[in-house]
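Below, chain A is the first sequence line, B the second, and so on; all start at residue 1. Please read these numbers as outputs of a predicted model, since none were measured by experiment.
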Amino acid sequence: MADVTQLIHDYLRHNKKFPHVFCPGCGHGIVLGSLIRSVHALQLPKDDVVIVAGIGCSGRMAVYVDFNTVHTTHGRALTFATGIKMANPRLKVICVMGDGDALSIGGNHLIHAARRNIGITALVLNNMIYGMTGGQCSPATPQGNNTMTTPNGSLEQPFDTVELVSAAGANYVARGTSFHAQQLDRLITDAIQHPGFSVVEALSPCPTQYGRKNKFKGAVPMYEWLKKNTVKLENRKENDPRIPVGVFRNLDRPGLEERYADLKAQIRAKGQGR
Amino acid sequence: MANKKKGQTQVCVYPDWCKGCGICVAFCPSKVLELSALGKAEPVREEDCINCGFCELHCPDFAISIRPREIGAACPTFPSGPPSNGEAC
């Protein structure tokens with residue numbers, strides 16, 4: 001285990017202000033470490049990786065890593081990523097979004113990116129709340145949970161990211177948590193390698209906004225909650241109320257950029273025949 | 001990971017990067033770390049470390065480094081040189 005931290009430090013931009021802005025105990029730091037370890041495990045050169053991030057706590061991740069990075073407008077991370085991937089299909093485009101970014105403001109883009117099946121890896125960091133703007137209720141806040149805007153409990157059903165993107169047509173869909181870091185490493189590594197649209201939902205606790213409003217006494221009880229309330233998909237029995245983690249969908253359909261390259265070649269061949 | 005013998009490792013915490021969230025303290029299987037009076041993680045029972053790597057993988061601030069123990073070697077205070085006057089964002 002000797003060089004895990006050293007390896008992460010090799011991929012950080014040390015001219016930025018460290019320690020990073022995430023609150024103490026925020027799971028986003030663990031997911032950032034997982035992402036860096038996955039890119040390192042695949043031996044991708046730093047110049048071939050593009051991190052596109054939206055607005056929110058998770059948007060800060062793009063600032064700290066030494067890849068090609070774009071910090072885009074709210075909810076539109078996937079649209080920028082689509083443009084980058086279509087312009088240069090050689091690049092590995094990783095899109096980092098929060099739950100508000102991916103599911104509400106950019107919900108439209110998420111389902112359509114899944115429908116197009118474009119070769120982007122979307123990493124949805126689900127902390128079940130709008131953390132940066134003061135703890136408003138997000139589309140992933142579980143029913144009955146308190147937030148700043150729903151002080152007596154949220155009345156709405158949350159989105160199930162995994163089912164949403166599976167139904168919309170993504171190739172690879174997985175869910176991990178920031179407590180199960182080694183599993184998350186494997187999921188992100190698989191997702192980056194996979195052709196077509198791949199989504200990894202990473203559950204990441206927010207002790208400052210979500211935990212404070214929902215009777216968690218700090219960061220540690222939230223990680224204990226994650227440990228207790230998640231179950232591997234393979235071991236899950238029917239009617240288990242715990243959250244399943246693992247790979248939900250694994251298809252091998254060609255991505256949009258491959259189909260586009262094929263179409264271009266076909267049309268060019270037709271033109272030469274004339 | 002192969003070596004599960006105790007006392008083979010040195011636990012280094014970079015105090016400037018640690019935010020004292022307590023994840024490493026709570027989940028360490030052999031209770032190596034404790035929070036100091038300053039609210040930073042501190043290795044107090046370094047000889048009990050079994051080199052499982054949990055703290056290194058789960059430190060959100062990349063502040064813990066587990067390295068093979070060399071007698072008399074001091075922990076570096078900063079991961080890569082002293083801090084520069086970084087840009088704010």
Side-chain angles (χ1 to χ4, degrees), chain A residues 1-34 36-37 57 59-65 71 177-185 204-208 211 217-224 226-227, chain B residues 1-4 8-29 32-33 35 39-41 49-70 73 75-89:
Chain A
M1 296 311 295
D3 351 297
V4 175
T5 303
Q6 193 49 52
L7 183 155
I8 290 169
H9 283 284
D10 291 344
Y11 281 86
L12 295 179
R13 286 181 179 153
H14 284 279
N15 60 344
K16 299 290 172 190
K17 202 170 175 212
F18 275 100
H20 51 52
V21 289
F22 304 132
C23 305
C26 175
H28 285 24
I30 302 172
V31 182
L32 176 59
S34 244
I36 291 174
R37 286 193 296 273
C57 297
R60 302 293 307 168
M61 265 167 62
V63 177
Y64 295 117
V65 282
H71 193 176
T177 78
S178 53
F179 181 78
H180 305 92
Q182 275 175 323
Q183 187 203 25
L184 191 61
D185 283 12
S204 147
C206 174
T208 307
K217 285 194 173 133
V220 174
M222 299 196 80
Y223 286 90
E224 275 161 1
L226 272 184
K227 187 181 177 185
Chain B
M1 278 285 238
N3 191 356
K4 291 255 171 177
Q8 303 285 313
T9 49
Q10 188 181 24
V11 182
C12 294
V13 180
Y14 309 125
D16 280 20
W17 287 47
C18 176
K19 289 179 190 156
C21 61
I23 295 173
C24 51
V25 177
F27 290 104
C28 177
V32 171
L33 295 135
L35 284 186
K40 311 269 183 189
C49 175
I50 57 166
N51 198 15
C52 69
F54 186 97
C55 52
E56 231 182 349
L57 285 171
H58 288 80
C59 179
D61 302 296
F62 319 127
I64 304 178
S65 167
I66 311 290
R67 48 188 75 207
R69 175 176 248 173
E70 291 159 36
C75 278
T77 329
F78 298 104
S80 45
S84 56
N85 290 329
E87 301 160 40
C89 33

Stepwise side-chain contact (heavy atoms from CB on, under 4.5 Å) check, Val220(A) with Phe27(B): CA-CA 8 Å; Val220(A) 174; Phe27(B) 290 104; 4.1 Å; yes
Non-hydrogen atoms of chain B under 4.5 Å away: do they reach the side chain of Ser178(A), the backbone, both or neither?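 Interface part for Ser178(A): backbone (N, CA, C, O).
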Contact part of Arg37(A) toward chain B, heavy-atom cut-off under 4.5 Å: side chain, backbone, both or neither?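 Interface part for Arg37(A): side chain.
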Of all heavy-atom pairs between [X] and [Y], which one has the smallest distance, and what is that distance?
X: Ala219(A); Y: Cys21(B); result: CB-O, 4.3 Å
X: Leu57(B); Y: Ala181(A); result: O-CB, 4.1 Å
X: Phe62(B); Y: His9(A); result: O-NE2, 3.0 Å

How many angstroms lie between atom [atom1] of [X] and atom [atom2] of [Y], to the nearest 0.5 angstrom?
X: Phe18(A); Y: Asp16(B); atom1: CZ; atom2: CG; value: 13.0 Å
X: Ile8(A); Y: Glu56(B); atom1: CD1; atom2: CD; value: 8.0 Å
X: Glu224(A); Y: Ile23(B); atom1: CD; atom2: CD1; value: 10.5 Å

Which pairs pass salt bridge (Lys or Arg N to Asp or Glu O under 4.0 Å) with one or both residues in residues 21-30 of chain A, sequence neighbours excluded?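 Listed by first then second residue: nothing to list.
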Name the atoms and distances for all side-chain donor-acceptor pairs under 3.5 Å in residues 20-33 of chain A, with sequence neighbours left out.
unit_1: His20(A); atom_1: ND1; unit_2: Lys19(B); atom_2: NZ; d: 3.1
unit_1: His20(A); atom_1: NE2; unit_2: Pro60(B); atom_2: O; d: 2.7
unit_1: His28(A); atom_1: ND1; unit_2: Ser204(A); atom_2: OG; d: 2.8

Where does the angle between the aromatic ring planes of His14(A) and Trp17(B) fall among parallel (under 30°), tilted (30 to 60°) and perpendicular (over 60°)? tilted
